[in-house]
Protein chains: 2
Amino acid sequence: MLQKRIDDQPSISPEMVREAQGILHQHLKKVGLKQTAQRDTILRTFLETREHLSTDELHRLVKKKDPKIGYTTVYRTLKLLAECGLASEVAFHDGIARYEHQYNRRSHHHMVCTDCGSSVEFFSNEVERLEQDIGRKYHYLTTRHTFQIYGVCEDCRKKNGVRRLV
Amino acid sequence: MLQKRIDDQPSISPEMVREAQGILHQHLKKVGLKQTAQRDTILRTFLETREHLSTDELHRLVKKKDPKIGYTTVYRTLKLLAECGLASEVAFHDGIARYEHQYNRRSHHHMVCTDCGSSVEFFSNEVERLEQDIGRKYHYLTTRHTFQIYGVCEDCRKKNGVRRLV
DNA sequence: GGTGATCTTGAAAATGAAATTCAAATTCAG
DNA sequence: CTGAATTTGAATTTCATTTTCAAGATCACC
């Protein structure tokens, strides 16, 4: 899946990787699980990405570093990372679970082109505030939200003329 | 799945059902498909609900009216209804596709309790405006958006004490 | 450093919702 | 009416996800 960058951020630094590993190791200890080389490799690979990765896509990247690591381990580690806040699920609408790392990144949302599948990220403080407001109003203790906009990007509109105006 | 009503709206009127059937029939004709008693029954049953229904849940309701209607037909009809705008998918986070009818209802969003699965609906003009704004900014022709808030409702917090603060 | 209870791993199997298949039944244009 | 085309629904297939299990790795305790 393509992604158009709106703002280029530097790729993650070694210190950040170390800090993220610290977070993971602390979480593992807390819930009585063990550190393993596989889990560290998967975390490092994950941090190096800036896409929205399916388990399968991450597994493919991980195998380049250690071909012996299996799909199941990637799948389980991704859940662990989500548990300790290092990863978060982004559900697009295609029946595949995707994850992205939130490490040192501003909270953001996605606008997805329903034609070509490319996406842009955008930021909105209003949405964050809205989560708080609505939660307070109906007495929910909110933990997170999802906000996606679907539409057709400029390129696809040019490519397809007016046919696709839905 | 439970749903706490925030505002009770009258259930759908006969005229609205007729109008909805008109929309479906027109759509069927347009794409070269045929009217059937099953499709009408499924539409009528669907319009009588105000929940977010999975295919399975709607199938169960439909069977009360006509036990011979199968799951597959409900599944396919729901896709048809979505095609002509009578139904829209609401993706919560549990891997099950749900639909709700938009017929004569204000655009709204959902806040879902991650503990008990109940949900409240809320309205926000800000979110609608945001779709427009962001679309304009990045030159997307937007068609729709999804916005869900996840959290723990008051009841579950009381029930579970502080254990579940996530 | 051992040691062993516990956890991890990963291939394979199971699961389950969604999607497809196919033969019999139904629709509808002419 | 007729028949070409579509629909139906049980059964099957698909495919991402989740679980299982036996062999291997980890680490708390000595």
Side-chain angles (χ1 to χ4, degrees), chain A residues 1 21 24-43 45 52-84 87 89-99 117, chain B residues 1 21 24-45 52-84 87-99 117:
Chain A
M1 179 161 296
Q21 272 187 8
L24 173 60
H25 294 173
Q26 199 174 336
H27 176 73
L28 290 174
K29 181 160 279 182
K30 202 178 78 184
V31 296
L33 302 180
K34 293 170 180 171
Q35 282 185 40
T36 66
Q38 288 94 326
R39 283 172 178 163
D40 284 350
T41 300
I42 292 165
L43 172 58
T45 309
H52 323 107
L53 295 170
S54 65
T55 307
D56 194 59
E57 286 163 346
L58 183 58
H59 179 220
R60 226 165 295 166
L61 293 176
V62 165
K63 273 197 296 190
K64 288 184 190 166
K65 300 200 173 178
D66 185 347
K68 294 192 301 303
I69 295 179
Y71 176 92
T72 314
T73 303
V74 174
Y75 163 79
R76 283 185 285 221
T77 303
L78 228 22
K79 296 223 134 181
L80 275 176
L81 296 183
E83 265 177 44
C84 61
E89 264 194 57
V90 276
F92 291 175
H93 241 154
D94 55 2
I96 296 175
R98 288 167 209 286
Y99 293 84
Chain B
M1 177 158 302
Q21 272 186 9
L24 173 61
H25 294 171
Q26 199 173 337
H27 177 73
L28 289 174
K29 181 159 277 182
K30 202 178 76 184
V31 296
L33 301 181
K34 292 170 180 170
Q35 281 184 40
T36 66
Q38 288 93 326
R39 283 174 179 163
D40 284 349
T41 301
I42 293 165
L43 172 58
R44 259 182 291 110
T45 310
H52 322 108
L53 295 170
S54 64
T55 307
D56 194 60
E57 286 163 347
L58 182 58
H59 179 220
R60 224 165 296 165
L61 293 177
V62 166
K63 272 197 296 191
K64 289 184 189 166
K65 301 200 171 176
D66 184 348
K68 294 192 301 302
I69 295 179
Y71 175 93
T72 314
T73 304
V74 174
Y75 164 79
R76 283 184 285 221
T77 303
L78 228 20
K79 296 224 134 183
L80 275 175
L81 296 183
E83 264 176 45
C84 62
S88 61
E89 265 194 58
V90 276
F92 291 174
H93 239 156
D94 54 2
I96 296 175
R98 288 168 208 287
Y99 293 84

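Residue numbers start from 1 in every chain, and the chains themselves are labelled A, B, ... in the order their sequence lines are given, proteins ahead of strands.
- For the atom pair NZ of K79(B) and CD of E89(B), the computed distance is 7.0 Å after rounding to the nearest 0.5 Å.
- Residues from residues 58-69 of chain A with heavy atoms under 4.0 angstrom of DNA chain C, sorted by number: K68(A), I69(A).
- Comparing the axis of the opening five pairs of the helix from dG1(C)-dC30(D) to dG30(C)-dC1(D) with that of the closing five pairs yields an angle of 30°, rounded to 10°.
- Taking atom CG of residue L24(B) and atom C1' of nucleotide dT7(D), one finds them 14 Å apart after rounding to whole Å.
- Remark: D40(B) engages no residue in a salt bridge (charged side-chain N to carboxylate O under 4.0 Å, His left out) (not counting sequence neighbours).
- More than 12 heavy atoms of other residues, nucleotides or ligands lie within 6.0 Å of NZ in K65(A), so this atom counts as buried by the packing criterion.
- Under the side-chain hydrogen bond (donor to acceptor under 3.5 Å, both in side chains) criterion, R44(B) pairs with no residue at all, not counting sequence neighbours.
- Expressed to the nearest 0.5 Å, how far CG of L28(A) lies from CD of E83(A) amounts to 9.0 Å.
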Can you list the steps and then say if Y99(B) with L81(B) is a side-chain contact (heavy atoms from CB on, under 4.5 Å)? CA-CA 10 Å; Y99(B) 293 84; L81(B) 296 183; over 6 Å; no
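- Shortest non-hydrogen contact noted between H59(A) and G70(A) is NE2-C, 3.5 Å.
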Would you mind building the protein contact string for nucleotides 18-30 of chain C? One character per nucleotide, 5' to 3', B for base within reach (heavy atoms under 4.0 Å), S for sugar-phosphate only, - for untouched. SBBB-----BS--
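- With sequence neighbours left out, the side-chain hydrogen bond (donor to acceptor under 3.5 Å, both in side chains) criterion links S54(B) to E57(B).
- Residues I69(A) and K63(A) have side chains not in contact (no heavy-atom distance under 4.5 Å, counting atoms from C-beta outward).
- Taking the side chain as every heavy atom from C-beta outward, R39(B) and L33(B) approach each other to under 4.5 Å.
- Residue R39(B) has a polar side-chain atom (N or O) positioned under 4.0 Å from OP1 or OP2 of dT8(D).
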